[in-house]
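Input: a single structure, listed below in structure tokens.
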Amino acid sequence: MGFSQGYAKDSLQIKVYTEIEYKNREAKDIKLIKVFCDYCSDAQISKIGYGALLRAHDERYLPENVLVNGTKKLAIIIRISKEDFAAITNETEDNKNQKR
């Protein structure tokens with residue numbers, strides 16, 4: 001009997017906090033608060049943070065997130081393959097090397 005391989009073996013999960021500011025049930029502002037990653041490079045934090053902002057934008061009008069007025073805090077889990085995660089560093093270093 002074959003078992004499927006769990007995601008944990010070949011991917012990472014990174015928690016990101018975002019906030020959505022609502023005024024009269026309209027999302028007015030979405031902010032990145034923190035990317036929880038002690039081992040990430042600046043490029044990786046930037047790319048993961050951007051992905052979290054996109055997800056927060058997509059989820060801004062879900063019924064469980066909408067407030068009449070106020071700030072909704074979202075904890076977003078970004079799952080990324082270890083290979084793709086490592087490629088973020090390589091892309092950035094390759095770009096730096098090409099500029100030299």
Side-chain angles (χ1 to χ4, degrees):
M1 177 185 271
F3 292 98
S4 65
Q5 182 177 358
Y7 70 86
K9 189 171 183 175
D10 63 351
S11 68
L12 302 169
Q13 283 191 151
I14 300 168
K15 184 188 274 191
V16 182
Y17 283 163
T18 60
E19 286 182 350
I20 305 173
E21 186 72 35
Y22 289 93
K23 193 166 195 175
N24 297 322
R25 297 184 160 272
E26 284 289 321
K28 296 296 180 188
D29 192 25
I30 300 174
K31 294 179 187 171
L32 177 66
I33 302 303
K34 182 165 176 74
V35 176
F36 291 90
C37 185
D38 294 335
Y39 47 84
C40 292
S41 69
D42 288 343
Q44 290 165 330
I45 288 173
S46 177
K47 199 122 184 185
I48 290 165
Y50 181 71
L53 285 172
L54 290 176
R55 185 152 333 149
H57 184 266
D58 290 344
E59 296 180 8
R60 71 192 185 280
Y61 290 120
L62 291 178
E64 62 268 21
N65 293 336
V66 175
L67 300 175
V68 175
N69 290 303
T71 303
K72 175 70 176 184
K73 296 179 181 185
L74 296 178
I76 296 174
I77 304 296
I78 301 291
R79 187 176 295 156
I80 185 169
S81 75
K82 290 178 182 177
E83 189 175 295
D84 290 345
F85 181 77
I88 294 170
T89 303
N90 294 339
E91 284 174 17
T92 307
E93 288 174 4
D94 289 345
N95 290 342
K96 282 182 187 176
N97 292 335
Q98 288 175 357
K99 290 180 183 178
R100 290 182 184 169

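FYI, the numbering just counts along the sequence from 1.
Of all non-hydrogen atoms in Y61 and E26, the two that sit nearest each other are OH-OE1, 3.1 Å. Of all heavy-atom pairs between A56 and I30, the closest is CB-CG2, 3.9 Å. Listed here is the closest heavy atom pair of K72 and E64: NZ-O, 3.4 Å. The minimum heavy-atom distance linking I78 with R55 is given by the pair CD1-NH2, 3.7 Å. When all heavy atoms are compared, the tightest approach of V16 to A52 is CG1-CB, 3.4 Å.
Between R60 atom CZ and K28 atom NZ the span is 11.5 Å, to the nearest 0.5 Å. Here the straight-line distance linking atom CZ of F85 with atom SG of C40 works out to 3.5 Å at 0.5 Å rounding. Atom CD of residue E19 and atom OG1 of residue T71 lie 5.5 Å apart, to the nearest 0.5 angstrom. Interatomic distance, CG of L74 versus CG of N65, reported as 5.0 Å (0.5 Å rounding). Taking CD1 from I48 and CD1 from I88, the interatomic distance works out to 5.5 Å, rounded to the nearest 0.5 Å. A distance of 5.5 Å separates NZ of K15 from CD1 of I77, quoted to the nearest 0.5 Å.
In the displayed structure, D42 atom CG is contacted under 6.0 Å by at most 12 heavy atoms of other residues, nucleotides or ligands.
The hydrophobic cluster containing I20 does not contain Y50, counting ILVMFWY residues as joined when their side-chain heavy atoms lie under 4.5 angstrom apart, directly or transitively.
Each of I14, L32, V35 was scored for a side chain to side chain contact (heavy atoms under 4.5 Å, CB included) with I45, with one residue passing: V35.
Side chain of Y17 to backbone of F36: no donor-acceptor contact under 3.5 angstrom is found.
In this structure the side chain of I33 never reaches within 4.5 angstrom of the side chain of T18, judged on heavy atoms.
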